[in-house]
Peer 1: 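Take a look at the following structure, please.
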Amino acid sequence: VAWLASDEADHVTGQVIRVIGFVMMLVMAGLTLSTASRSGLLSLGLVFLFLLFQKGVSWPFRFSVMGAIVACGLIILLLLPRASYDRLMNYSLDQSTRPEAWRSTQSRIETNQHALEIYLSAPVLGVGPGNFRWLHRERYPYSLAAGRPNHNSYLWAATEGGGLALG
């Protein structure tokens with residue numbers, strides 16, 4: 001009888017942990033959406049895809065993940081301010097119409113172009129750890145992105161450590 005009570009307590013504890021985990025997942029998704037971070041939205045989508053297509057996951061869990069996806073979609077469509085929505089949906093390389101967050105997108109595009117040029121100037125050893133930002137500011141002082149860090153970790157590794165670090 002004691003082992004039966006123990007199994008029942010473990011089951012209840014497991015259910016409580018799942019409910020708390022699901023609520024935390026929704027809170028984290030809401031926080032990600034409230035920041036209007038495009039990379040956060042893409043990462044959130046990847047987490048949802050991972051949870052949906054993971055082997056050995058029960059159908060009730062998959063349906064709860066789909067519910068979280070629907071909840072996030074409703075947050076995006078119904079609760080976010082228009083400026084945040086426009087920022088989240090701005091993935092175009094053409095920023096000539098200057099949509100919401102155009103400066104951020106244009107800055108990242110320029111930084112990636114400059115990082116490729118800097119990498120090609122020192123492809124084997126790179127420019128040294130921590131030297132990308134000051135070199136970027138020196139070479140492109142009138143750029144929108146002058147001195148900004150690269151938001152692409154592969155390009156950052158390539159520019160600062162060269163092909164050896166990238167490999």
Side-chain angles (χ1 to χ4, degrees), residues 21-22 24-57 61-62 65-66 68-167:
F22 186 71
M24 293 296 292
M25 195 168 87
L26 286 177
V27 167
M28 289 174 21
L31 288 172
T32 298
L33 295 175
S34 69
T35 63
S37 167
R38 291 168 288 188
S39 59
L41 180 66
L42 291 174
S43 296
L44 185 63
L46 289 175
V47 166
F48 284 147
L49 285 175
F50 172 76
L51 291 173
L52 279 176
F53 296 110
Q54 190 175 9
K55 290 182 180 181
V57 174
F61 182 78
R62 290 180 203 271
V65 170
M66 286 187 247
I69 292 171
V70 169
C72 287
L74 290 174
I75 289 172
I76 289 172
L77 294 174
L78 301 176
L79 298 178
L80 283 183
R82 181 67 182 178
S84 295
Y85 173 81
D86 290 344
R87 177 183 170 81
L88 277 174
M89 298 301 138
N90 179 12
Y91 291 98
S92 173
L93 294 178
D94 178 21
Q95 297 296 310
S96 61
T97 60
R98 298 194 178 207
E100 189 69 35
W102 74 271
R103 186 177 288 274
S104 170
T105 304
Q106 188 63 37
S107 164
R108 290 178 186 205
I109 291 169
E110 285 182 9
T111 303
N112 286 343
Q113 291 170 342
H114 298 158
L116 283 172
E117 292 171 14
I118 290 172
Y119 168 70
L120 292 174
S121 70
V124 177
L125 296 176
V127 295
N131 292 333
F132 174 76
R133 290 183 74 173
W134 77 262
L135 187 61
H136 188 220
R137 187 176 14 258
E138 285 290 317
R139 288 193 184 175
Y140 309 97
Y142 301 109
S143 163
L144 182 65
R148 294 201 175 186
N150 194 337
H151 282 79
N152 184 315
S153 57
Y154 297 104
L155 276 175
W156 197 313
T159 56
E160 293 193 356
L164 295 174
L166 184 61

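This chain uses plain numbering: 1 for the first residue, then up along the sequence.
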Peer 1: Contact between His151 and Ser107 at the side-chain level, heavy atoms closer than 4.5 Å - yes or no?
Peer 2: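 No, side chains not in contact.
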
Peer 1: What distance do Thr111 atom OG1 and Leu116 atom CG have between them, rounded to the nearest 0.5 Å?
Peer 2: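 It comes to 11.0 Å.
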
Peer 1: Flag the pair Glu160 / Asn131 as yes when at least one side-chain heavy-atom distance between them is below 4.5 Å, and no otherwise.
Peer 2: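 When only atoms from C-beta onward are counted, Asn131 and Glu160 do not touch, as no gap falls below 4.5 Å.
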
Peer 1: With under 30° as parallel and over 60° as perpendicular, where do the rings of His136 and His114 fit, or are they tilted in between?
Peer 2: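 It falls in the tilted class, 30° to 60°.
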
Peer 1: Do Leu51 and Val57 have side chains that get closer than 4.5 Å, going by heavy atoms?
Peer 2: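 A side-chain contact is absent here, since even the closest heavy-atom pair is not under 4.5 Å.
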
Peer 1: Please report the closest heavy-atom contact between Pro149 and Phe132, naming both atoms and the distance.
Peer 2: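 Minimum heavy-atom separation between Pro149 and Phe132: C-CE2, 4.3 Å.
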
Peer 1: Look up atom CE in Met24 and atom CG in Leu31, then write down how far apart they are to the nearest 0.5 Å.
Peer 2: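 Met24 CE to Leu31 CG: 9.0 Å, rounded to 0.5 Å.
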
Peer 1: Test side chain to side chain contact (heavy atoms under 4.5 Å, CB included) on Ser143 and Arg137; report intermediate values, then the result.
Peer 2: CA-CA 8 Å; Ser143 163; Arg137 187 176 14 258; over 6 Å; no

Peer 1: Hey, does Ile76 have a side-chain heavy atom less than 4.5 Å from the side chain of Leu41?
Peer 2: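 Leu41 reaches Ile76 side chain to side chain.
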
Peer 1: Is Met28 atom CE crowded by more than 12 heavy atoms from other residues, nucleotides or ligands, each under 6.0 Å away?
Peer 2: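 At most 12 heavy atoms, drawn from other residues, nucleotides or ligands, come within 6.0 Å of this atom.
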
Peer 1: Is it the case that the side chains of Glu138 and Trp134 hold a donor-acceptor pair, with the cut-off being a distance below 3.5 Å and no angle test?
Peer 2: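 Side chains of Trp134 and Glu138: no pair found under 3.5 Å.
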
Peer 1: Quick check for you: to the nearest 0.5 Å, what is the distance between Leu52 atom CG and Phe61 atom CZ?
Peer 2: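 Output value for this atom pair is 8.5 Å.
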
Peer 1: Working to the nearest 0.5 angstrom, can you tell me the gap between Leu80 CG and Leu74 CG?
Peer 2: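 Between Leu80 CG and Leu74 CG, I get 11.0 Å after rounding to 0.5 Å.
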
Peer 1: For Glu117 and Tyr140, test the side chains for any donor-to-acceptor distance below 3.5 angstrom and give the result as yes or no.
Peer 2: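 A pair is found: one side chain offers a donor N or O, the other an acceptor, under 3.5 Å apart.
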
Peer 1: Check the pair Val127, Tyr119 against side chain to side chain contact (heavy atoms under 4.5 Å, CB included), reporting the backbone distance first and the verdict last.
Peer 2: CA-CA 8 Å; Val127 295; Tyr119 168 70; over 6 Å; no

